[in-house]
> 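Dropping a structure here in structure tokens format, bear with me for questions.
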There are 2 protein chains.
Amino acid sequence: MRVSREQMAENRERILETAATLFRERGFDGVGVADVMKAVGLTHGGFYGHFTSKDDLAAQALGRAFANANRWTSEAKAADPQAPLQAIASRYLSPSHRDDPGHGCPVAALGCDVVRQGGASRLAATEGVRTAIGGMSAIAPGETEEERRASAIASYATLVGALVLSRMVDDEALSDEILAAARAALEPTQQ
Amino acid sequence: MRVSREQMAENRERILETAATLFRERGFDGVGVADVMKAVGLTHGGFYGHFTSKDDLAAQALGRAFANANRWTSEAKAADPQAPLQAIASRYLSPSHRDDPGHGCPVAALGCDVVRQGGASRLAATEGVRTAIGGMSAIAPGETEEERRASAIASYATLVGALVLSRMVDDEALSDEILAAARAALEPTQQ
DNA sequence: GAATTTACATGATACTGATCATATAAAGAG
DNA sequence: CTCTTTATATGATCAGTATCATGTAAATTC
């Protein structure tokens, strides 16, 4: 049956957000079109009225996930203007982020999947990473702009790598140790 | 038809190595049992004489990939005893490693896939990561053993994160920049 | 060298999942 | 209020894939 224009827009929105979460939780191949639609409360057939294909959805959901996650940077700056990098690290490397991939960093959750993804998804990821680096550069230490940018990239890499490692291991103590070590490495070096 | 005992062992070996490469290139879900067997030059039916299931193969292939990759640490120590960490970084963050996931670091290639994998694969990964951290600790800077270990974990995370990011982006200049920034961050801080 | 074992080939089977064709009922236009 | 449009539901199709049953010929064994 038909729904109102407004309802349809909301449905599309929910499909996108739900997909963004499910993909991060189970990977692109671990989620079917029907799974997403069911989670939203619709049936699989209607999907193609909103998106042209699963790949299309994947690309847009990835863009959404990046947009949500990249907001963390400005939130950190607002929360702790003195040490925004530590604020980000603290949130990014927290057990709650580790244990909830569905609402966290798309790079840590889908990074290696995206590498094998074609076209639109790769573009969305490239744009997302570029934006993330830009945002981190604004809060990274360093005299020159180049220094800050290089430092931002390195910090970003450390965050991503540590989170992936902490999620991989099947040993909570080791997992916590990894998070703590990365947090420590991102503290300002007060020689 | 039947093959010699020796030939059978070699076949099993080739299945394992081929799977380790294909999984890293295309992900666990991107490779079928038939794909692996075909790449080895056998047919899909014989597979279950060597492994009990695809999951079994995945776990063993992951273990093999870790074993191969963890050898890099000792190779770096042998190649450049003065600066083994820089030797590893140089190899790990090279364009050739970035462009050949099939023969590289299993964390960067399969990290987020493993997180969703159950049982045996998770265990193999945990063991592999533990060994990697142990190997890196031996060449990490620091006064105490704890310092070296924490530093090793952070360096490992930076390597992994940078490689994943460099593979994700669809822009060679940005990709190279990421590799260079991470390499720079791993240089000894000669304050 | 005959008897037995077995690694692999062939060919089901059963299931999942992406996509599409068609139907329907409700929204929006007049 | 009627007519037209269309968002979604239902159901089918088609392809891919893990796993298993059975056959066969070559390697071991005695």
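Each chain gets a letter, A, B and so on, in the order its sequence line appears, and its residues count up from 1.
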> Scan nucleotides 28-30 of chain C against the protein and return all N/O pairs shorter than 3.5 Å with their distances rounded to 0.1 Å.
from: C/dG28; atom 1: OP1; to: A/Arg5; atom 2: N; distance (Å): 3.2

> Does a salt bridge link B/Arg130 with A/Asp171, judged by any charged N lying under 4.0 Å from a carboxylate O?
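Between A/Asp171 and B/Arg130 there is a salt bridge, with a charged N closer than 4.0 Å to a carboxylate O.
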> Calculate the interatomic distance between B/Arg12 atom CZ and C/dC8 atom P; express it in whole Å.
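After rounding, the gap between these two atoms is 11 Å.
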> Using a strict cut-off of less than 4.0 Å between a Lys/Arg side-chain nitrogen and an Asp/Glu carboxylate oxygen, indicate whether A/Glu127 and A/Arg122 qualify as a salt bridge.
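Salt bridge: no.
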> Round to the nearest Å and state the distance from B/Met8 atom CE to C/dT5 atom P.
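For the pair B/Met8 CE and C/dT5 P, the rounded distance is 17 Å.
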> Rounded to the nearest angstrom, tell me the gap between atom CG in A/Leu57 and atom C1' in C/dG17.
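Value for this atom pair: 14 Å.
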> Is the closest basic N to carboxylate O distance between A/Arg116 and B/Asp113 below 4.0 Å?
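Between B/Asp113 and A/Arg116 there is a salt bridge, with a charged N closer than 4.0 Å to a carboxylate O.
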> Is the distance from OP1 or OP2 of C/dA7 to the nearest side-chain N or O of B/Asn11 less than 4.0 Å?
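Answer no for this pair, as no side-chain N or O of B/Asn11 is under 4.0 Å from OP1 or OP2.
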> With side-chain contact (heavy atoms from CB on, under 4.5 Å) as the test, pick out the partner of B/Val129 among B/Thr126, B/Thr131, B/Ile133.
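That would be B/Ile133; it is the only one of B/Thr126, B/Thr131, B/Ile133 passing the side-chain contact (heavy atoms from CB on, under 4.5 Å) with B/Val129.
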> Enumerate the protein-to-nucleotides 18-20 of chain C contacts in which both atoms are nitrogen or oxygen and the separation is below 3.5 Å.
from: C/dA18; atom 1: OP1; to: A/Lys54; atom 2: NZ; distance (Å): 2.8
from: C/dA18; atom 1: OP2; to: A/Val33; atom 2: N; distance (Å): 3.0
from: C/dT19; atom 1: OP2; to: A/Tyr48; atom 2: OH; distance (Å): 2.7
from: C/dT19; atom 1: OP2; to: A/Lys54; atom 2: N; distance (Å): 3.1
from: C/dT19; atom 1: O5'; to: A/Tyr48; atom 2: OH; distance (Å): 3.3

> Output the rounded distance in Å from NE2 (B/His50) to C1' (C/dT6).
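These atoms are roughly 11 Å apart.
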> What is the minimum heavy-atom distance between A/His50 and A/Gly46, and which atoms define it?
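Scanning both residues, the minimum pair turns out to be CD2-O, 3.8 Å.
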> Nearest whole angstrom, please: distance from the P of D/dA18 to the CZ of B/Phe51.
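It is 15 Å, rounded to the nearest whole Å.
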> In whole Å, I'd like the distance from the CZ atom of B/Arg14 to the P atom of C/dA7.
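Rounded to the whole Å, the gap is 17 Å.
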> Send over the distance from B/Lys38 NZ to D/dG16 P, rounded to a whole Å.
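Rounding to the nearest Å, NZ of B/Lys38 and P of D/dG16 are 11 Å apart.
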> Would the number of heavy atoms belonging to other residues, nucleotides or ligands and lying under 6.0 Å from CD of B/Glu172 be above 12?
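No, not enclosed.
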> B/Arg183 and B/Ser90: side-chain donor and acceptor closer than 3.5 Å?
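Short answer, no.
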> Other than A/Leu123, what residues sit in its cluster of Ile, Leu, Val, Met, Phe, Trp and Tyr side chains whose heavy atoms are under 4.5 Å apart, directly or through others?
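None, because no other hydrophobic side chain comes under 4.5 Å of this residue.
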> May I ask you to decide whether A/Arg91 forms a salt bridge with A/Glu75, counting only side-chain N to carboxylate O separations under 4.0 Å?
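Yes, A/Arg91 and A/Glu75 are salt-bridged.
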> Measure CE/A/Met37 against P/C/dT16 and give the value in whole Å, please.
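Roughly 20 Å, once rounded to whole Å.
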